[in-house]
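Down below is the structure, laid out as structure tokens.
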2 protein chains.
Amino acid sequence: MTAPRRKVGIREVAALAEVASGTVSHYLNRPDRVSAEKAQRIRRAIDTLGFVPNHAGRQLRLGRSDAVAYLAPDVSNPFFAAVAEGVERRAAAAGLSVFIANTHATRDREDAYLRQFEQHRVRGLLVASHEPMEERLAHLRERGTPSVLLGRAAAGSAQPSVAVDEVMGGRLAARHLLELGRRRLAFVGGPLRIRQAGDRLQGAGDAVRESGAGSLEVLTTTVRTIAAGRAVAAELLARPATRRPDAVVAVNDLVALGLLQALVAAGVRVPEDVAVIGYDDIEFAAASLIPLSSIRAPQVDFGAAAVDLLLGLLDGTADDTQRTYPPELVVRASTRPQEQP
Amino acid sequence: MTAPRRKVGIREVAALAEVASGTVSHYLNRPDRVSAEKAQRIRRAIDTLGFVPNHAGRQLRLGRSDAVAYLAPDVSNPFFAAVAEGVERRAAAAGLSVFIANTHATRDREDAYLRQFEQHRVRGLLVASHEPMEERLAHLRERGTPSVLLGRAAAGSAQPSVAVDEVMGGRLAARHLLELGRRRLAFVGGPLRIRQAGDRLQGAGDAVRESGAGSLEVLTTTVRTIAAGRAVAAELLARPATRRPDAVVAVNDLVALGLLQALVAAGVRVPEDVAVIGYDDIEFAAASLIPLSSIRAPQVDFGAAAVDLLLGLLDGTADDTQRTYPPELVVRASTRPQEQP
DNA sequence: TTGAAAGCGCTAACAT
DNA sequence: ATGTTAGCGCTTTCAA
């Protein structure tokens, strides 16, 4: 079906246009340096031959690509999708293209992509991951590929990162619930060795401790999905109502939505019996029938910030290589103090 | 910060290992053809030099890449994300890598990516788009890059495609509502020139016509987002209750969820007053507090099917190049017949 | 402004 | 099993 691509290269174009191949290259890259007449001939030759520049040849000659890579655990998670958006927009503005890769939070796939992108000589990597990454990125850096860790602060100062202050996010969430008068708090999420989860729990714990009132129970999950939220709800529902928490900080919105659904389906009133707050403020949090309170990254566009940092790294103008932003609390019905009639 | 990559190539590795560069190449590509001893020396040289194969050189020599491209309007839409999943999985199994591109349903960005991927000499394109694409893809095909249109059937028989029968989906949805006894149906979505929307409406219309009972009102939107759903709900709420439809077919789940939220917030009972059904069966449809009925693609993994078709195209074994699958109805609470007490 | 020509790093065909 | 070598298509320096 498909016509085999007859190998037409710059030389063949040059032959047909009766110019030197170098002139065709000039026409492609700096058209202003080519006389109108030859440009015309070249244009025609390109059309008739169906010439398409071969990127590999170009890149080989240039020694570098014009692409950056974005590795995310799961692009179907709206949070990472939103970041991808920002990355693409900013990269495009800088004349770079973006390779997006889905790692499914698997070390193997991360490694495979890292290797591949290094071989592609991408200008840099933007990496969001739940796995330990700094060592691997350090190796790439030594060999010449810089990277920006996205979404969690790097531990070592050599690794640039753009992150939200997750501890503060956990604290904001728990403090909000305490201010509502709730005292039996629960944190739902895990596994806690994942920074994202561990830090958020840490913050929630801090808030409870600081308040000097209330308790914090921890219900761990192995994944952070809607289904995990439902499963924890089932545990909670198996208890007598008095032994349930009166407020829950979920590790993310997916877990919170699963929790919310299963609790409400069982007749638990939200927020009266149990207040629920999520994290990330994905679009579906606001769209729930009981809109979900959440913690969200600040207005800054994360993806864009990461690209900016990477560009700074590349041209040596990056000042602060570890950027951390404070998150914001978004209060909606799932934790709204009820009006007194 | 970043160590500049000293240009280490296969020849330098060869020199250090005291073998010929061809042997290093062999070691890289068919390790079995290299003696254990030299392999050992080569391995060591690679390590000490931090050698990373240059993909551009390889591809230039090979004349083809090992990648396919997936263009989607919006990867943050869970439907396209799910497709991406399948594409990646199947492509990986076939030893291909995948470039994912977000077009934001913009013709410009589509064009830019198409051009770029053609220059990259990808093996083929998997394209999901709301824009007219067949002409553009026909040009690429003539020049040697095959493609599979994803999600909507191609009009011309020359263009391979993997699609769901959207007309049937619309019909399934409307018929279901009619069987529930609803008579004042509304279709919400648009713009109708988009196949996805037009076909689904067509099917809904067919069902109403076939039933010989009931009416179908059309409420168009310019986009298909949660916000669009809320906006239509506002229109509906402005009417006296008796003039509202008693059942709604939404063009997708996002619109349905927006509709659902705004209606319920205003005290409309779902499904008693208005039954609502969406389309696509995204994860959040099932996770809603009133779980949303929907139409979903059949069990087949679309992404995988598209990759399979592309592979078939490439090796000439593709039999049927236009594959259309019948969708399935998923009934949940938003259209569930109420139990009679 | 244009032409000629030297490689960029790799693979594979061929020779040994 | 290993070495030698000719390009793949392009950009760019240098000369004219």
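In the text below, chain A, chain B and the rest are named by the order of the sequence lines, each starting its count at 1. This one's a predicted model, so the numbers in the text were calculated from it and none came from an experiment.
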Handout entry: Rounded (10°) bend between the five-pair end axes of the helix from C:dT1-D:dA16 to C:dT16-D:dA1
Key = 30°
Problem - Short side-chain N/O contact to C:dT11 OP1/OP2 from B:S25, under 4.0 Å - result: yes
Exercise for the section: Rounded to the nearest angstrom, tell me the gap between atom CG in A:L62 and atom P in D:dG9. Expected result: 17 Å
Practice task
Ignoring backbone atoms, test whether B:S35 places a side-chain nitrogen or oxygen under 4.0 Å from the OP1 or OP2 oxygen of D:dA1.
Solution key: no
Practice task
Starting at atom CZ of A:R30, determine the distance to atom C1' of D:dC10, rounded to an integer number of angstrom.
Solution key: 15 Å
Exercise for the section: Rounded to the nearest angstrom, tell me the gap between atom CD in B:E18 and atom C1' in D:dT2. Expected result: 14 Å
Exercise for the section: State whether a side-chain donor-acceptor pair under 3.5 Å links A:D108 with A:T106. Expected result: no
Problem - Residues A:Q59 and A:H120: side-chain donor-acceptor under 3.5 angstrom - result: no
Fill in the blank from the handout: Per nearest nucleotide of DNA chain C, the residue lying toward the 5' end, A:T23 or A:L60, is A:T23
Practice task
May I ask you to say what A:G63 touches in the nucleic acid, namely base, sugar-phosphate or nothing, with a heavy-atom cut-off under 4.0 Å?
Solution key: nothing
Practice task
Please state how far atom CD in B:Q119 lies from atom P in D:dC8, giving the value in whole angstrom units.
Solution key: 20 Å
Problem - Per B:S21 side chain, nearest of listed nucleotides D:dT2, D:dT5, D:dC10 - result: D:dT5
Fill in the blank from the handout: The nucleotide from C:dG3, C:dC10, D:dC10 with an atom nearest the side chain of A:I10 is D:dC10
Exercise for the section: Measure the distance from CZ on B:R33 to C1' on D:dA1 and round it to the nearest whole Å. Expected result: 10 Å
Practice task
From the options C:dT2, C:dC10, D:dG9, select the nucleotide whose nearest atom is closest to the side chain of A:R61.
Solution key: D:dG9
Completion exercise
Among C:dG9, D:dC10, C:dC10, the one nearest any side-chain atom of B:K7 is C:dG9
Completion exercise
Of A:G9 and B:V19, the one whose closest nucleotide on DNA chain D sits nearer the 5' end is B:V19
Handout entry: Note: A:E18-A:K38 ion pair, threshold 4.0 Å (strictly below)
Key = no
Exercise for the section: Round to the nearest Å and state the distance from B:R64 atom CZ to C:dC10 atom P. Expected result: 17 Å
Fill in the blank from the handout: Partner of A:D308 under salt bridge (Lys or Arg N to Asp or Glu O under 4.0 Å), picked from A:R323, A:R90, A:R89, is A:R90
Problem - A:R141-A:Q159 side chain donor-acceptor pair, cut-off 3.5 Å - result: yes
Practice task
State whether the number of non-hydrogen atoms from other residues, nucleotides or ligands found under 6.0 Å of B:R11 atom CZ is greater than 12.
Solution key: no
Problem - Residue closer to the 5' end of DNA chain D, A:V24 versus B:D32 (nearest nucleotide) - result: B:D32
Practice task
Taking only the side-chain nitrogens and oxygens of B:N54, find out if one of them lies under 4.0 Å from OP1 or OP2 of C:dC8.
Solution key: no
Practice task
Sort out for me which residue in A:L125, A:V68, A:L140, A:V127 forms a side chain to side chain contact (heavy atoms under 4.5 Å, CB included) with A:F117.
Solution key: A:L125
Exercise for the section: Please determine, by modelled atom types, if A:S129 and A:E110 share a side-chain donor-acceptor pair under 3.5 angstrom. Expected result: yes
Exercise for the section: Write down the distance between CD (B:Q40) and C1' (D:dA1), rounded to a whole number of angstrom. Expected result: 17 Å
Handout entry: Presence of B:R58 side-chain N/O under 4.0 Å of C:dG9 phosphate oxygens OP1/OP2
Key = no
Exercise for the section: For B:Y27, answer base if it contacts any base atom (sugar-phosphate contacts may also be present), sugar-phosphate if it contacts only those atoms, and nothing otherwise; contact means non-hydrogen atoms under 4.0 Å. Expected result: nothing
